[in-house]
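Here is the structure we will look at, set down as structure tokens.
To find a chain, count down the sequence lines: A is the first, B the second, and so on, and within it residues start at 1.
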There are 2 protein chains.
Amino acid sequence: MIKIITTIHEMKGIIKSKKAQGKTVGFVPTMGYLHEGHTSLVKWAKEENDIVVVSIFVNPTQFGVNEDYDVYPRDLERDQMLSEEAGAEYIFHPTVAEMYPNGYQTYVEVFGITDKLCGASRPGHFRGVTTVVNKLFQIVAPHRAYFGLKDAQQVAVIEKMVRELNMDVEIVPCPIVREADGLAMSSRNVNLSPIDRQSALILSQSLMKAKEMIQAGNVEAKEIQRAIENKIAEESAVAVDYIKIVDFTNLEEIDVIKGRVLIALAAKVGNVRLIDNIIMEA
Amino acid sequence: MIKIITTIHEMKGIIKSKKAQGKTVGFVPTMGYLHEGHTSLVKWAKEENDIVVVSIFVNPTQFGVNEDYDVYPRDLERDQMLSEEAGAEYIFHPTVAEMYPNGYQTYVEVFGITDKLCGASRPGHFRGVTTVVNKLFQIVAPHRAYFGLKDAQQVAVIEKMVRELNMDVEIVPCPIVREADGLAMSSRNVNLSPIDRQSALILSQSLMKAKEMIQAGNVEAKEIQRAIENKIAEESAVAVDYIKIVDFTNLEEIDVIKGRVLIALAAKVGNVRLIDNIIMEA
């Protein structure tokens with residue numbers, strides 16, 4: 001039976017005793033409302049570690065003032081069932097006051113790569129992410145932590161934080177999980193109307209088109225970007241925030257497809273902001 | 001024989017193997033040019049832990065552009081001897097490139113209490129301190145870390161960082177060590193001319209006067225502050241930066257002496273910036 005832990009003190013105590021028994025700890029940080037993307041992370045974690053902890057915490061510091069913190073979907077009971085099925089032993093589910101007590105004022109920030117892509121549209125977002133992940137890594141002290149590549153920039157930012165702060169945790173990036181029709185799994189998908197959900201398919205379709213162009217030998221980033229733009233323009237309900245073709249290590253835009261390339265996009269479909277991407281080795 | 005470790009990788013390996021043997025680790029982070037203040041920290045650390053690590057790293061990110069990074073005194077051989085005499089087993093002495101490799105961009109910052117006292121005169125200083133101490137805590141992973149109360153604000157800031165980021169290290173604040181004539185020990189004292197060194201005595205003398213006033217029952221912070229100001233004004237070579245009477249927990253200025261009170265001052269004597277303080281329980 002999976003256990004729900006709500007205090008930092010208790011979570012630390014459990015980890016300490018498990019480690020004293022020589023157990024390895026895998027960690028899957030989430031904001032809850034789990035989907036198959038999350039449960040695939042739990043399954044990876046379970047394969048590589050003795051104990052798996054899933055955190056469920058809708059982190060207020062990573063939402064902007066006009067963003068969807070209040071309507072972010074929540075369903076702890078369902079999350080509990082899905083985490084258990086996927087193999088987790090513990091859910092860490094603290095309150096906001098437990099994580100950010102009165103007078104809280106300490107932040108961890110990665111500069112530079114956080115100004116690009118989603119960081120450009122969401123000032124302060126990544127500072128919230130790195131701060132909460134840093135705290136969670138101190139609390140859960142995992143050997144390995146699992147992140148989905150749908151948030152590719154988040155993976156790059158957290159890898160940089162861990163490396164630069166000399167933290168002892170291995171970051172394991174895991175592939176995007178998609179619905180049968182190609183839509184990248186996201187907790188926010190539930191907020192899409194049926195019509196908007198249909199329109200949203202253009203996002204993954206445009207990325208598939210880009211993939212085909214590259215596989216056919218096109219190395220011109222500008223041409224590929226334009227093809228994605230034109231494809232998405234077919235759906236009037238989709239408002240592009242950005243479409244970027246960047247080097248995955250530093251998120252700098254590139255002209256020629258070469259090395260490990262991230263093609264990332266963000267768009268609003270109705271009131272819902274969605275992101276999607278592909279990573280190609282060329 | 002004390003060992004000097006220069007790479008993060010080797011330092012982490014040593015700590016891991018010592019902890020696997022059940023040893024406790026005490027840590028004394030310094031910028032080197034050790035004096036009796038530092039060696040008293042090493043002795044405390046040695047009494048409470050199996051292994052003591054002293055770090056010696058003049059941290060560029062905590063110096064402002066017009067500050068004394070270039071002339072900050074350095075003498076590794078002497079530091080090595082003093083650390084060994086005091087009971088340390090290891091010196092961690094990385095290069096700047098080892099701690100801040102090319103493209104480094106991750107910072108840890110405590111807001112609020114870092115704007116006061118020395119933080120007001122040295123913008124960015126405490127961000128450099130919390131960043132390097134956070135990194136050092138990840139590398140040395142000590143059970144206990146020892147800090148001198150001469151940098152009382154630094155102690156308060158680091159305690160807040162450790163608490164708010166849920167770090168597993170006990171911060172042990174240790175009393176100021178003074179020369180026979182009352183001057184608080186500082187690596188910067190060596191940069192004082194003989195005449196300025198004499199003038200600098202007014203700092204500790206003014207604090208002793210404040211202490212006497214409080215012990216005689218005076219609880220008016222304004223009166224005590226004025227008495228310190230007047231005392232220091234006797235020395236024309238001393239230019240006060242600030243004299244503050246604050247609550248030690250939040251560094252907020254107070255009107256009435258009550259609870260745990262920090263009386264802190266900073267002043268330039270010649271070209272050398274000195275700080276001193278007393279903490280009183282009232």
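Geometrically, Arg127(B) engages Tyr107(B) in a cation-pi contact defined by less than 6.0 Å to the ring centre and at most 45° from the axis.
The candidate with the highest count of non-hydrogen atom pairs below 4.5 Å against chain A, out of Asn250(B), Asp168(B), Ile8(B), is Asp168(B).
Residue Lys116(A) places its NZ atom among more than 12 non-hydrogen atoms of other residues, nucleotides or ligands, all under 6.0 Å distant.
Looking at every heavy atom in both residues, Gln62(A) comes nearest to Arg122(A) through O-NH2, 3.6 Å. A pairwise comparison of heavy atoms in Thr30(B) and Leu34(B) identifies OG1-CD2, 3.5 Å as the closest pair.
The line from NZ of Lys244(A) to SG of Cys118(A) is 11.5 Å long, rounded to the nearest 0.5 Å.
Side-chain contact annotation: Asn59(A) with Tyr100(A), donor-acceptor N/O pair under 3.5 Å present.
Residues of residues 139-167 of chain B having a heavy atom under 4.5 Å from any heavy atom of chain A, listed by number: Ile139(B), Lys160(B), Met161(B), Glu164(B), Leu165(B), Asn166(B), Met167(B).
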